[in-house]
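Since the structure comes first, as structure tokens, the remarks are kept for the end.
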Amino acid sequence: MKMRTVMIILIAILYGIVMYFVLNPDAYGAYVDYYLFHSRVFSRHDEKAFERHTLPGSIELYKTYHVGKNDPRITYLGFSTNQTSGRWTHGKYAKMAFELPKITTDVIVRFHLNPYVNTHNQRVDVEVFVNGVNLDIWNFRERKSLPRTEFVIPKKMLKDTHRINIDFKIKGYASPKQLGYGNNNNKLGFFLKEFEVVPKPTSR
């Protein structure tokens, strides 16, 4: 009787887990990427903490922010620790967040970066999501001119919130070690150096 009860409890728990992942496919993908494929460097718990983190204030428009310098108004996840000139993305996903001052126009977010493309890693593709909305995709190719790494956030997206959560979904990331370029095992996508936010000029 006890064994039967234990089996029923185990089946119920398993069913609950399966239903949770069926109803939350994003959570399923996060667990698989983190624990099985190791294609993301942060856990679901880290991601939730990142989303709940309260920023101390808004950034300034027209100012160039050097990503290598710590600023409490800007937070990063899935990036390397700050270096002198910027930060590398690690793995399939990277995130950053900041708040904008009150603004009533569209804004342009402009990035200065270098993709990890070379003779042995000839393409990197980056999908850019802002507050869950896909706003752009950047296609980097070896020996090709870099695309414009900027996008426009429509003012309607800023109507109810000034917090900007930017998600980068990266394909083509690779570690220098697997390519024969040294002992660095980090799976690199692009090196982010600077960014700035400016109001979009209004057309006349």
List in chain and number order the residues that pass side-chain contact (heavy atoms from CB on, under 4.5 Å) with H66, two or more places apart in sequence or in another chain; answer none if no residue qualifies.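 Only T64, K69, E194 meet the side-chain contact (heavy atoms from CB on, under 4.5 Å) criterion with H66.
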
May I ask you to decide if [Y]'s main-chain N or O and [X]'s side chain share a donor-acceptor pair within less than 3.5 Å?
{"X": "N139", "Y": "V124", "result": "no"}
{"X": "T89", "Y": "G189", "result": "yes"}
{"X": "R87", "Y": "V67", "result": "yes"}
{"X": "Y65", "Y": "E60", "result": "yes"}
{"X": "S80", "Y": "W88", "result": "yes"}

Side chains of [X] and [Y], heavy atoms from C-beta outward: is any pair under 4.5 Å?
{"X": "I164", "Y": "I166", "result": "yes"}
{"X": "Y93", "Y": "E47", "result": "no"}
{"X": "P56", "Y": "R73", "result": "yes"}
{"X": "H112", "Y": "E196", "result": "yes"}
{"X": "S58", "Y": "L100", "result": "no"}
{"X": "F140", "Y": "V126", "result": "yes"}
{"X": "Y116", "Y": "K187", "result": "no"}
{"X": "L77", "Y": "M96", "result": "no"}

Applying side-chain hydrogen bond (donor to acceptor under 3.5 Å, both in side chains), can you list everything that pairs with N186, at least two apart in sequence or on another chain? N184

Which atom of [X] lies closest to which atom of [Y], heavy atoms considered:
{"X": "S85", "Y": "F191", "value": "OG-CZ, 3.5 Å"}
{"X": "I59", "Y": "P101", "value": "O-CD, 3.3 Å"}
{"X": "L55", "Y": "P72", "value": "CD2-O, 4.0 Å"}

In plain terms, say whether D125 and R141 are close enough for a salt bridge, that is, a side-chain N and a carboxylate O under 4.0 Å apart. yes

Can you tell me which residue among D106, V107, T105 is in a side chain to side chain contact (heavy atoms under 4.5 Å, CB included) with L158?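 Going through D106, V107, T105 one by one, the side chain to side chain contact (heavy atoms under 4.5 Å, CB included) with L158 is satisfied by V107 alone.
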
Side chain to side chain contact (heavy atoms under 4.5 Å, CB included), that's the test. Do Y62 and V197 meet it? Break it down for me. CA-CA 6 Å; Y62 298 105; V197 182; over 6 Å; no

Looking at residues at least two apart in the chain, or sitting in another chain, which of them share a ring pair (Phe, Tyr, Trp, His ring centres under 6.0 Å) with F79?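 Only Y76 meet the ring pair (Phe, Tyr, Trp, His ring centres under 6.0 Å) criterion with F79.
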
When the side chains of residues 147-157 are checked against the rest of the protein, which donor-acceptor pairs come out under 3.5 Å, sequence neighbours left out?
unit_1, atom_1, unit_2, atom_2, d
R148, NH2, E150, OE2, 2.7
T149, OG1, F111, O, 2.7
E150, OE1, R110, NE, 2.7

Find out if a path of hydrophobic residues (ILVMFWY) with successive side-chain heavy-atom gaps under 4.5 Å connects L188 to V41. no

Going only through I, L, V, M, F, W and Y residues with side-chain contacts under 4.5 Å, is there a path from L61 to F195?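 Hydrophobic grouping puts L61 with F195.
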
Would you list the pairs meeting side-chain hydrogen bond (donor to acceptor under 3.5 Å, both in side chains) in which at least one residue belongs to residues 167-178, sequence neighbours left out? K95-D167, S175-Q178

Just distance, no hydrogens or angles: give the donor-acceptor pairs under 3.5 Å from side chains in residues 128-138, sequence neighbours left out.
unit_1, atom_1, unit_2, atom_2, d
N131, OD1, N165, N, 2.8
N131, ND2, R163, O, 3.1
N134, ND2, V128, O, 3.0
N134, ND2, D136, O, 3.1
D136, OD2, W138, NE1, 3.1

Check the surroundings of atom NZ in K63: do more than 12 heavy atoms from other residues, nucleotides or ligands lie under 6.0 Å from it?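 More than 12 within 6.0 Å, yes.
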
